[in-house]
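Whatever order the structure lists them in is the order used to number ligands and atoms, beginning at 1.
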Amino acid sequence: MDLDYLQMLMGEEEVVVEEEGEGYRNIWVVAERVGDELAPVTLEMLNQAQQLASTLGAYVMAVLVGGDETLAQELIYHGADKVFLFDDPALKDYALEPYIKALGDLFAEKMPEIVLCGATDVGGELAPRLARRLDAVALTNCTGLTLDASQRTLVCTMPVYDGEYSEVVAFSPEVHPQIVTVQPGVFGLPYRDEYRSAEVETVAVDLDGAQPRVKVLNVVAEAEREPVPLPKARIIVSAGRGMGDAEGFALVEQLAAALSGEVAGSRGAVDEGWIDEEKQVGMGGATVRPDLYIACGISGAIQHYFGIQDAKFVVAINRDENAPIFKVADVGIVADAKEVIPAIIEALEA
Ligand SMILES: Cc1cc2nc3c(=O)[nH]c(=O)nc-3n(C[C@H](O)[C@H](O)[C@H](O)COP(=O)(O)OP(=O)(O)OC[C@H]3O[C@@H](n4cnc5c(N)ncnc54)[C@H](O)[C@@H]3O)c2cc1C
């Protein structure tokens, strides 16, 4: 396969997958879409699949249900050696029964060695059902994948006890295919190589007897969250005068929303008129005990500290390294909060 790839790089030749062969073979990625794009976890899985494939001397196959040629090409640019595309309009929107039928039939015929699905709502539904249908086993929410190359088995790291510990679990060599769901964000994105070319095979599926048993009638936006009183809040993002202006304060609100936390402030923020007095933390305001308190542009005067001394974990962002807040913070970030907060929000959204 390496030679094929080298030839392709030099001569821009298409990767030609040899499909002949006995037994279970190749690493398969079940692609997922978000709107009209591929879900980032799909690309991350292609990256990981390529590494596994180079150890096993296998190909990376991607299967795209309900997508189109453009997305199939993206899968190739990101590392798929071949794409199987179900472009049936009945499969445009995700529905469990038709998707299981399409994937189950394809896998029963192609006999994958390993199948990677995203640890998403969709992947979490598909993987165990595919395992049942194919008389296989699915390991879910993996945060690490390595190979026992001598046995050709996957060794998966999976969080247990709410993520407090990790378990390392190996498939038994008799299990085929080895199906896993992979947590988004744990593997890097692959390089997008527009010069890669490979085959896209359109596949048809007989959906007789695989009609969806439930139908999505409507999608409603998440109901607005009721504010939690500050003394009971588990996550508080708090603004000080250092946020500079209303625009800076809005960043604190955005960070709190991204963390599903509450917004609070110092006396400085109250004096600036950005926040009501009832949201003031400190001697003249609320005493709080959150799991996480993020102080943004707050000096950490004793009157403020009085209100947060029982907080379990304090993160302080202040551009003055001598600010008293750093004496009580578990993590201190010496920086401009207006630069740091957008970066944190971006990371959280990713
Ligand atoms: C009787 C009494 C009761 C009080 N009760 C309270 C109370 O309940 N709660 C309370 O908070 N205070 C209380 N105070 C007021 C308290 O003493 C402080 O004046 C107040 O906490 C200061 O607010 P601040 O830290 O937001 O503002 P400042 O003291 O002005 O500090 C702003 C901080 O932001 C930093 N900064 C500036 N720009 C940036 C940037 N771009 N990025 C990152 N950091 C930046 C600065 O380095 C500075 O450390 C009380 C005072 C008295 C006398």
- In terms of residue, atom name and distance, what is the protein heavy atom nearest to atom 21 (O) of ligand 1? A301 CB, 4.0 Å

- Task: Indicate yes or no: does E277 engage K279 in a salt bridge with an N to O separation below 4.0 Å.
- Result: no

- Note on the structure: Closest to atom 2 (C) of ligand 1 among protein heavy atoms sits Q303 CG, 4.0 Å

- Taking the side chain from R196 and the backbone from I76, do they hold a donor-acceptor pair closer than 3.5 Å? yes

- atom 44 (N) of ligand 1: the protein heavy-atom neighbour that sits closest, reported with distance to 0.1 Å: R319 N, 3.2 Å

- For the pair D208 and K101, find out whether any cationic side-chain nitrogen is under 4.0 Å from an anionic carboxylate oxygen. no

- Message: For K110, is there an ion pair with D105 - N to carboxylate O distance below 4.0 angstrom?
- Response: no

- Using modelled atom types only, decide if a donor and an acceptor are shared between the side chain of D336 and the backbone of K338 within a distance under 3.5 Å. yes

- Task: Please identify which atoms of ligand 1 are closer than 4.0 Å to at least one heavy atom of N318.
- Result: 33 (C), 34 (O), 35 (C), 43 (C), 44 (N), 46 (C), 47 (O), 48 (C), 49 (O)

- Task: Decide whether E167 and T157 meet the rule of one side-chain donor and one side-chain acceptor closer than 3.5 Å.
- Result: no

- Query: Between F313 and Y293, does the ring centroid distance fall short of 6.0 Å?
  - Reply: no

- More than 12 foreign heavy atoms under 6.0 Å from CG of D135: is that the case here? no

- Please state which part of A335 comes within less than 4.0 Å of ligand 1, counting heavy atoms only: side chain, backbone, both or neither. backbone

- Under 4.0 Å from one or more heavy atoms of G285, ligand 1 contributes atoms 8 (O)

- Query: Under 3.5 Å between some N or O of ligand 1 and some N or O of G297?
  - Reply: yes

- Task: Kindly indicate whether atom 7 (C) of ligand 1 is approached by any protein heavy atom to under 4.0 angstrom.
- Result: yes

- Query: Would one find an N or O of V281, backbone or side chain, under 3.5 Å from an N or O of ligand 1?
  - Reply: yes

- Write out the residue and atom name of the closest protein heavy atom to atom 12 (N) of ligand 1, then the distance separating them to 0.1 Å. R267 CB, 3.1 Å

- Item | Short N or O distance, G300 and ligand 1, threshold 3.5 Å exclusive | no

- Task: Give yes if a backbone or side-chain nitrogen or oxygen of M283 is under 3.5 Å from a nitrogen or oxygen of ligand 1, and no if not.
- Result: yes

- Message: Give me the nearest non-hydrogen protein atom to atom 30 (O) of ligand 1 as residue plus atom name, then the distance to 0.1 Å.
- Response: R241 NH1, 3.0 Å

- Region of A337 that comes within reach of ligand 1 [heavy atoms, distance under 4.0 Å]: both

- Item | T143 and N141 side chains, donor-acceptor separation under 3.5 Å | no

- Message: Considering non-hydrogen atoms of the protein only, which is the closest contact for atom 41 (N) of ligand 1, and what is the distance?
- Response: D336 OD1, 2.9 Å

- Query: Would you say the side-chain atoms of N26 pair up with the backbone N or O of P112, donor to acceptor, closer than 3.5 Å?
  - Reply: no

- Side chain, backbone, both or neither: I302 near ligand 1, heavy atoms under 4.0 Å: neither

- Out of S299, G282, G240, the nearest non-hydrogen contact to atom 31 (O) of ligand 1 is supplied by S299

- Task: With atom 26 (O) of ligand 1 as the reference point, say which of G268, G242, S266 has the nearest heavy atom.
- Result: S266

- Query: Which is it for K338 and ligand 1 at heavy atoms under 4.0 Å: side chain, backbone, both or neither?
  - Reply: neither

- Query: Within a distance of under 4.0 Å, is there any protein heavy atom near atom 34 (O) of ligand 1?
  - Reply: yes

- Message: Below 30° counts as parallel, above 60° as perpendicular, anything between as tilted: where do the rings of F107 and W28 land?
- Response: perpendicular

- Query: Does one side chain, of E125 or Y94, offer a donor that lies under 3.5 Å from an acceptor on the other?
  - Reply: yes

